[in-house]
Trainee: 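Before I ask anything, let me first share the structure, which is written out below as C-alpha cells.
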There are 2 protein chains.
Amino acid sequence: MNLPALQQKFVIHFGEMGARWGMNRTVGQIYAVLFLSENALCADEIVAALGVSRSNVSMGLKELQSWQLVQLEHQPGDRKDFFSTPDDLWQIVMTLVEQRKAREVDPTLTVLRDLQMDSDYNETNAFARGRIEEATRMIELFSRWYEDMRDVDIERLERLLTMGAAAQKVLNFKPRKKTKKRKEN
Amino acid sequence: MNLPALQQKFVIHFGEMGARWGMNRTVGQIYAVLFLSENALCADEIVAALGVSRSNVSMGLKELQSWQLVQLEHQPGDRKDFFSTPDDLWQIVMTLVEQRKAREVDPTLTVLRDLQMDSDYNETNAFARGRIEEATRMIELFSRWYEDMRDVDIERLERLLTMGAAAQKVLNFKPRKKTKKRKEN
DNA sequence: CTGAATTTTCAGTAAATTCTGAAATTACAG
DNA sequence: CTGTAATTTCAGAATTTACTGAAAATTCAG
C-alpha cells in the first residue's frame, strides 16, 4: 500500500469496517482513499495507492456506484473515468442509511407482509403470529419516521437531534428503566 | 429443516439477513427459531428444527450470547440449558442497535481520535485532516444523541418519533432539497 | 473505420469463513 | 468420587467469497 502512514491507517480501518458493512475489504479501502482525496481519482491511481489488481478496483468501483456512494466524473481532455465522494459528509451518511435500509430492512418488511398474506397464515400458532405482526409494526414505524426525516439537512438535523434528546429528557419524569444492557468488556 | 412451512420461510429469511448483519446464516436462523417460539428451547430442539450439527448450534448460541440477544435459562429438574429471546421487541431492537454501534461505530471513533493524536498528524495534507475531523464530529453528534435516547421505552418512542417527524415538517418551510438519491432498480 | 486507451468480464485460484464429527471438558445426580 | 448427560473445542472438510490475470468489450481521437 503506497500512502502516507496516517492515511494508510485510516484506509486499513475502513477496509476492516467495509467488511462489516456488507461491502468487502477492498471496497471499503477504495472508498476510504477517495474520501480522503481532495480531487477525483482514476482507477490506476487507486491501484497504485492500494496495491490490488486493476480488475479488483474495477469491480469495487462498480459496487460503490451501485451503493451510490461514489460519483463518476470526467476531466477535460482525459478519457479516463475519475471517481470522487460527495463533499457533503451528511449526504454520504444519508446515502449509506438509505442503502442499508433498502438492503436490510425493506426486504424483511416484504417477507413479513407476504407471510401474513399466506393462505395458511391463520393455521400458524398464535404466538408466532403475534411476533410477526409486532415486528411488522415496528419496522413500519421506523420506515414512516425515516420517510419523514429523509431530506433534512445537517444544520436542521443538529437542532432536531438536540430537540429529540431534550424532549426525551423532559418526558422522562418517571425514573428510567434500570439499564441492564450496558456492556462492560 | 423441520418446521411448519410458514415459520420456515421466516427462518430462512432471517438466515439470509443474519449474514448481512455481521452474524452468519446459522446464527440468524437460530435467532429466528427462538424469536418465534413461545417457550425457551434447548440446543437439541434447535438442531432438530434447523438440521445443522450440534456443534454449530453451540457456536451459534455462544455468538448470540455475546451479542446479548438471547437469554439463558434453566428449567426445574432439567440439566439442559434453555434459550429464549426477550419478550419485549423494543428491547431486542435496542440491543441490536447498541451492539452494532459498539462493533461498527465506536471502533471507528477510536481510530479517528488516535489519528488526530498522532505525532505527524499536522504533516498530513489539510484536506484529509478536514475530512477526518468532520467525520469525528459527525460520529460524536450521533453518539451523544444515542446516549440521550438509549433508555427511552417504546410508548415514549412512538411519541418522540412522531414529534421528530412533525418538527421536521414544521422547520421545513423552505422547499426540500431535490431528492436525487432515490434508487429505482 | 482503425487502433490505442481504457474498462469490464470471467474462469480459475486463493483466501476466508462456516460447518462437522470426534474428542475433550464441564456439570452434577447419586 | 463415579458415571452419565450436556456442552464446548477444534482440526480438517466443505462451502462461500474475494481476487487475479488474461481476454473481450467499449470508447473515442484521428
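All chains are named by letter (A, B, ...) in the order of the sequence lines, taking the proteins before the strands, and each is independently numbered beginning at 1.
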Trainee: Expressed as a whole number of angstroms, how long is the span from B/L50:CG to C/dT20:C1'?
Mentor: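 My rounded result for the distance is 15 Å.
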
Trainee: Detail all sub-3.5 Å separations between protein N/O atoms and N/O atoms belonging to nucleotides 15-19 of chain D.
Mentor:
residue	atom	partner	partner atom	Å
D/dC19	OP1	A/T26	OG1	2.7
D/dC19	OP2	A/T26	OG1	3.0
D/dC19	O5'	A/N56	ND2	3.4

Trainee: Of B/S55 and B/K80, whose closest DNA chain D nucleotide lies nearer the 5' terminus?
Mentor: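 So the residue in question is B/K80.
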
Trainee: Base, backbone or nothing for each nucleotide of nucleotides 25-30 of chain C, written B, S, -, heavy atoms under 4.0 angstrom, 5' to 3'?
Mentor: --BB--

Trainee: Please table the atom pairs, donor to acceptor, closer than 3.5 Å between any side-chain atom in residues 8-20 of chain A and protein atoms at least two apart or in another chain.
Mentor:
residue	atom	partner	partner atom	Å
A/K9	NZ	B/D118	OD2	2.7
A/H13	NE2	B/T108	OG1	2.8
A/R20	NH1	B/R103	O	2.5

Trainee: Figure out the CD/P separation between B/Q29 and C/dT18, and round it to whole Å.
Mentor: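 The distance from CD of B/Q29 to P of C/dT18 comes to 13 Å, rounded to the nearest Å.
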
Trainee: To the nearest angstrom, how far is B/D44 atom CG from D/dA5 atom C1'?
Mentor: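 For the pair B/D44 CG and D/dA5 C1', the rounded distance is 10 Å.
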
Trainee: May I have the distance from A/D81 (atom CG) to D/dT27 (atom P), rounded to whole angstrom?
Mentor: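 In whole Å, D/dT27 P lies 10 Å from A/D81 CG.
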
Trainee: Nearest whole angstrom, please: distance from the P of C/dT6 to the CZ of A/F83.
Mentor: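 The answer, rounded to whole Å, is 13 Å.
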
Trainee: CG of B/D78 versus C1' of D/dT7: gap in Å, rounded?
Mentor: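 Result: 14 Å.
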
Trainee: By the salt bridge (Lys or Arg N to Asp or Glu O under 4.0 Å) test, which pairs, at least two apart or in different chains, include something from residues 69-86 of chain A?
Mentor: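 Pairs touching residues 69-86 of chain A that pass the test: A/D78-A/K80.
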
Trainee: Listing request: all side chain to side chain donor-acceptor pair (under 3.5 Å) pairs with a residue in residues 36-52 of chain A, at least two apart in sequence or in separate chains.
Mentor: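 Applying side chain to side chain donor-acceptor pair (under 3.5 Å) to every pair that reaches into residues 36-52 of chain A, excluding sequence neighbours, yields nothing.
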
Trainee: Do the side-chain N or O atoms of A/K62 get closer than 4.0 angstrom to the phosphate oxygens (OP1, OP2) of C/dT9?
Mentor: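 Affirmative; the distance criterion is met.
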
Trainee: Would you mind reading off the distance between B/R54 atom CZ and C/dG21 atom P, rounded to a whole angstrom?
Mentor: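 From B/R54 CZ to C/dG21 P: 13 Å.
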
Trainee: Ignoring backbone atoms, test whether A/S58 places a side-chain nitrogen or oxygen under 4.0 Å from the OP1 or OP2 oxygen of C/dT8.
Mentor: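 Checking A/S58 against C/dT8: at least one side-chain N or O falls below 4.0 Å of OP1 or OP2.
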
Trainee: Should A/V105 and B/M94 be regarded as members of a common hydrophobic cluster, given that ILVMFWY residues are connected when their side-chain heavy atoms come within less than 4.5 Å of each other, either directly or indirectly?
Mentor: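 Yes, one cluster joins them.
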
Trainee: By side chain to side chain contact (heavy atoms under 4.5 Å, CB included), which residues pair with B/S58, not counting sequence neighbours?
Mentor: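 Applying side chain to side chain contact (heavy atoms under 4.5 Å, CB included) to B/S58 gives B/R54.
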
Trainee: How many whole angstroms separate atom CD of A/Q75 from atom P of C/dA5?
Mentor: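 It is 18 Å, rounded to the nearest whole Å.
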
Trainee: Is A/V97 reachable from A/L64 through a run of hydrophobic residues whose side-chain heavy atoms are each under 4.5 Å from the next?
Mentor: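 As far as the 4.5 Å side-chain criterion goes, A/V97 and A/L64 are connected within one cluster.
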
Trainee: Taking only residues two or more places apart in sequence or in another chain, which ones pass side chain to side chain contact (heavy atoms under 4.5 Å, CB included) with A/D87?
Mentor: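 Partners of A/D87 by the side chain to side chain contact (heavy atoms under 4.5 Å, CB included) criterion come out as none, since no residue qualifies.
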
Trainee: Only counting residues at least two apart or in another chain, list the ones meeting side chain to side chain contact (heavy atoms under 4.5 Å, CB included) with A/R100.
Mentor: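 For A/R100 the side chain to side chain contact (heavy atoms under 4.5 Å, CB included) partners, ignoring immediate neighbours, are A/W21, A/W67, A/L96, A/E104, B/R100, B/E104.
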
Trainee: Not counting sequence neighbours, which residues clear side chain to side chain contact (heavy atoms under 4.5 Å, CB included) with A/E134? List them please.
Mentor: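 By the side chain to side chain contact (heavy atoms under 4.5 Å, CB included) rule, A/E134 matches A/R131, B/L89.
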
